[in-house]
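Numbers here are sequence positions counted from 1.
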Amino acid sequence: MIELITVDELITYLERNEAGKLDIYKGFARAYIDMQDGEAIDLIIEAEDDKLSPEICAFTLKVFRELDDCVKKAMGWLEHFNLKNDRWYPNALDAGFKLSGMYVGNFNYAHYQHFTENGFALSFEAVNGYPCQFTVKYHTNMWPFTVEEWVE
């Protein structure tokens, strides 16, 4: 079972290059992070050979240290979604978005699976409960390059 851990606990584990209370299975470390605002996010970190590398730990720390700025950048992309003409959910995005997940590591993008990027992705859900997730993907330079919408 995956435990809820605080951001401070996560930072301690990453600074020590330890898994701590992260659940590692089949190449990924996973934890639920208490974001201290009453919300928790699902964190997944690539763990090659079921170990966290010093590089991935350092990069994950960087993402958490710059998280507020990265979320602001994502909101600039997410504000372009408009559901005013949607029959069932015209007001679904009016209350904005909240962070719900994070992935750090390599991922594929686009329709062709041979495009691989090393970076991270932040997932968001609509505060009003719209049945989709929005994932903003970032290069290692902390700039977003794409946003995807996923039906839940």
(message) Can you see whether Glu48 engages Ser53 through a side-chain donor-acceptor pair at a distance of less than 3.5 angstrom?
(response) no
(message) For Asp68, is there an ion pair with Lys72 - N to carboxylate O distance below 4.0 angstrom?
(response) no
(request) Answer with yes or no whether the hydrophobic clustering places Trp143 together with Leu78; edges join I, L, V, M, F, W, Y residues whose side-chain heavy atoms lie under 4.5 Å apart. (result) no
(request) Indicate yes or no for a side-chain donor-acceptor contact from Tyr138 to the backbone of Phe145 under 3.5 Å, with no hydrogens or angles considered. (result) no
(request) Would you please indicate if the ring centroids of Phe134 and Phe97 are separated by under 6.0 Å? (result) yes
(request) Decide yes or no for Leu22 and Leu52: does some side-chain heavy atom of the first lie under 4.5 Å from some side-chain heavy atom of the second? (result) yes
(request) Of all the heavy-atom pairs spanning Ala29 and Ala47, show the shortest one and how long it is. (result) N-CB, 4.0 Å
(message) So does Tyr130 get a backbone contact from the side chain of Asn128, meaning a donor-acceptor N/O pair under 3.5 Å?
(response) no
(message) Between Ile45 and Ile56, is there a side-chain heavy-atom distance shorter than 4.5 Å?
(response) yes
(message) Let me check something: do Leu4 and Tyr25 share a hydrophobic cluster, defined by ILVMFWY side-chain heavy atoms less than 4.5 Å apart, either directly or through other members?
(response) no
(request) State whether the side chain of Glu66 and the backbone N or O of Val63 hold a donor-acceptor pair below 3.5 Å, judged by distance alone. (result) no
(request) Would you check if Leu10 and Lys21 make a side-chain contact, meaning some heavy-atom pair closer than 4.5 Å? (result) no
(request) Grab the two heavy atoms, one from Ile33 and one from Thr6, that are nearest each other, plus how far apart they are. (result) CG2-C, 4.4 Å
(message) Nearest 0.5 Å, please: how far is CZ in Phe124 from CD1 in Ile41?
(response) 9.5 Å
(request) For the pair Glu46 and Lys51, find out whether any cationic side-chain nitrogen is under 4.0 Å from an anionic carboxylate oxygen. (result) no
(request) Would you kindly say whether Thr135 and Ser123 are connected by a side-chain donor-acceptor distance under 3.5 Å? (result) yes
(message) Could you tell me if the side chain of Glu15 sits less than 4.5 Å from the side chain of Leu61, heavy atoms only?
(response) yes
(message) Using side-chain contact (heavy atoms from CB on, under 4.5 Å), reason through Lys73 and Met142 one step at a time and then give a plain yes or no.
(response) CA-CA 9 Å; Lys73 291 173 188 172; Met142 312 306 267; 4.2 Å; yes
(message) Working to the nearest 0.5 angstrom, can you tell me the gap between Cys57 SG and Lys62 NZ?
(response) 15.5 Å
(request) Return yes when atom CG of Asn141 has more than 12 non-hydrogen atoms of other residues, nucleotides or ligands closer than 6.0 Å, and no otherwise. (result) yes
(message) Using the rule that Ile, Leu, Val, Met, Phe, Trp and Tyr join whenever any side-chain heavy atoms are under 4.5 Å apart, tell me whether Val127 and Met35 fall into a single cluster.
(response) no
(message) Nearest 0.5 angstrom please: Ser100 OG to Glu39 CD, how far?
(response) 9.5 Å
(message) Using side-chain heavy atoms (C-beta onward) and a distance below 4.5 Å, is Leu99 in contact with Leu67?
(response) yes
(request) Could you grab the distance from atom CD of Glu55 to atom CG of Asn17, nearest 0.5 Å is fine? (result) 8.5 Å
(request) Find the distance between CG (Asn118) and OG1 (Thr140) and round it off to the nearest 0.5 Å. (result) 6.5 Å
(request) Give, for atom CD1 of Ile5 and atom CG of Leu43, the distance between the pair rounded to the nearest 0.5 Å. (result) 7.5 Å
(request) Determine whether Leu122 and Phe120 make a side-chain contact, defined as any pair of heavy atoms from C-beta on separated by less than 4.5 Å. (result) yes
